[in-house]
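To start, the structure itself, in structure tokens.
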Amino acid sequence: MTRLSVEMLAADAPPPITSAGHAQLGIAVLVGIAVIVLLITKFKLHAFLALTIGSLVLGAVAGAPLDKVITSFTTGLGATVAGVGVLIALGAILGKLLADSGGADEIVDTILAKASGRTMPWAMVLIASVIGLPLFFEVGIVLLIPVVLMVAKRGNYSVMRIGIPALAGLSVMHGLIPPHPGPLVAIDAVHANLGVTLALGILVAIPTVIIAGPLFSKVAARWVDVPAPDRMVPQRASEQLERRPRFGATLATMLLPVVLMLAKALVDIVVDDPANSTQRVFDVIGSPLIALLAAVLVGFFTLGRPAGFTRDRLQQTVEKGLMPIAGILLIVGAGGGFKQTLIDSGVGRMILDISKDWSIPALLLAWLIAVAIRLATGSATVATVSAAGLVAPLAADMSTTHTALLVLAIGAGSLFFSHVNDAGFWLVKEYFGLSVGQTVKTWSVMETIISVVAGGLVLLLSLVI
């Protein structure tokens, strides 16, 4: 069997891979991913350590010198954290500020006050989608659970009729819409345009969340008809505050980074002249770093000040917002290291060589790879970063829009059928008081619907744009 030479990791233009080399690289990928899956699922090892060990195993089986593998891994880790680390941190600060100031409660209460009866599931989708923009999925669940239980009890609704739309809104935002970690890493890996990806992501997200949320919740409520569990509802942030931000100011703050990034994308399309001063201005203010930083700074005044936060309290909020993301940053960084190991070992070129003879579209291939890794590891983020590394070479000859659609295909695949190896599965089960079977029939099916519908919409869009 052909072994990879030292130059395979170091040379700018490595020699063509033989069929024997393809076989060895294929085995290396399978062994590397199998090690990651086994360590995460069987031995309950943290995903950061599993990805690190899996990268080293992949390089070793591929026949590359370990010192070169280590260099590839650390280079990929550093580049990924440099590319998205600050954005994840800013998103975490904005989310914590939104929660602690009572701004999230203000949005929830305002929308619920105008909703009743048949419109309640649609209101829950709207709430979850808006709140889910700056929040990580787990934080969003914890924030929305009191609302879901309160509405279900007050209106005598099935928990599934109210809860599924909320979960769908959060999950779609998590998988498809930057600045969530998964989409950001995929954008960075395939060099997609963030503004175009955001715009197309919203276009795909709207019908997806409608189908998987309010529409599926009717079926889910019949399959699993359970009342709100009689348990202590977690205390809401605003219950400890004398006052909280206004609805309009809160909504404007949350949507500010989205508006700035979309404005940049629009100006890029309309002007299309890098020397134009207007485009250069929007290139700056619409960059993810500046857009999110602007939202955080504005949030100090529109969220923190109305809630009566002192400078010390704002500082505490920032610190508390940053603390939980250490694990996320390490997982994302290690995923970037795994991606770089795949690329430097020649796996990307191997997939390019092999896929040339296939009739399967690149977007469908990306979706299927993400699905396979998601089913194996249970982590949408691990599935996204790994799949992005594998299919990154396919983006080389793609247009800007199709590169953005590649990111969305990966994101859609990463949400497929959450089951017992996914922390989100157990979070939903425990909060809603469900059995394992009931959780599969509701949460797992909902995630699959999101994945299939979003993936289908991405493929349809690729035919028309």
Please check: side-chain N/O of [X] versus main-chain N/O of [Y], any donor-acceptor pairing under 3.5 Å?
X	Y	value
His191	Ala396	no
Ser171	Leu167	no
Thr119	Ala115	no
Ser287	Val284	yes
Thr74	Thr71	yes
His419	Leu375	yes
Trp367	Ser451	yes
Thr448	Phe417	yes
Gln438	Ser435	yes
Ser418	Ser444	no

Less than 4.5 Å apart, any side-chain heavy atom of [X] and any of [Y]?
X	Y	result
Phe425	Thr439	yes
Trp223	Val445	yes
Phe338	Ile36	yes
Phe416	Val452	yes
Leu260	Ile290	no
Leu434	Val159	no
Met254	Ile107	yes
Val258	Ile202	yes

What's the separation between atom [atom1] in [X] and atom [atom2] in [Y], rounded to the nearest 0.5 Å?
X	Y	atom1	atom2	answer
His402	Leu200	NE2	CG	9.5 Å
Ile33	Ile373	CD1	CD1	4.5 Å
Thr401	Leu405	OG1	CG	6.0 Å
Leu194	Lys264	CG	NZ	8.0 Å
Met261	Asn193	CE	CG	11.0 Å
Thr52	Leu77	OG1	CG	7.0 Å

Would Arg244 and Asp100 count as a salt bridge (Lys or Arg N to Asp or Glu O under 4.0 Å) here? Give the steps. CA-CA 10 Å; Arg244 64 190 189 189; Asp100 285 3; over 6 Å; no
Please give me the minimum heavy-atom distance between [X] and [Y], naming the atom from each residue.
X	Y	result
Gly182	Thr384	O-CG2, 3.2 Å
Pro245	Thr250	CB-OG1, 3.4 Å
Gly321	Ala92	O-CB, 3.4 Å
Gly201	Ile177	C-CD1, 3.4 Å
Pro214	Val125	CD-CG2, 3.3 Å
Ile450	Thr208	O-CG2, 3.7 Å

Using only heavy-atom distances, determine whether the side chains of Asp268 and Gln279 contain a donor-acceptor pair under 3.5 Å. yes
Step by step, work out the side-chain hydrogen bond (donor to acceptor under 3.5 Å, both in side chains) result for Thr302 and Thr253. CA-CA 7 Å; Thr302 59; Thr253 304; 2.6 Å; yes
Under the side-chain contact (heavy atoms from CB on, under 4.5 Å) criterion, do Leu415 and Val172 qualify, and how do the steps go? CA-CA 9 Å; Leu415 298 176; Val172 169; 5.6 Å; no
Would Trp122 and Leu126 satisfy side-chain contact (heavy atoms from CB on, under 4.5 Å), going step by step from the backbone distance to the final call? CA-CA 6 Å; Trp122 298 88; Leu126 182 60; over 6 Å; no
Run the side-chain contact (heavy atoms from CB on, under 4.5 Å) check on Val209 and Ser129 step by step: do they pass? CA-CA 9 Å; Val209 80; Ser129 298; 4.3 Å; yes
Do Arg161's NZ or CZ and the ring of Tyr157 fall within the cation-pi criteria of under 6.0 Å and 45°? no
Derivation and outcome, side-chain contact (heavy atoms from CB on, under 4.5 Å), residues Asn276 and Phe282: CA-CA 10 Å; Asn276 184 280; Phe282 274 90; over 6 Å; no
Below 4.0 angstrom, N of the basic side chain to O of the carboxylate: do Glu447 and Arg374 qualify? yes
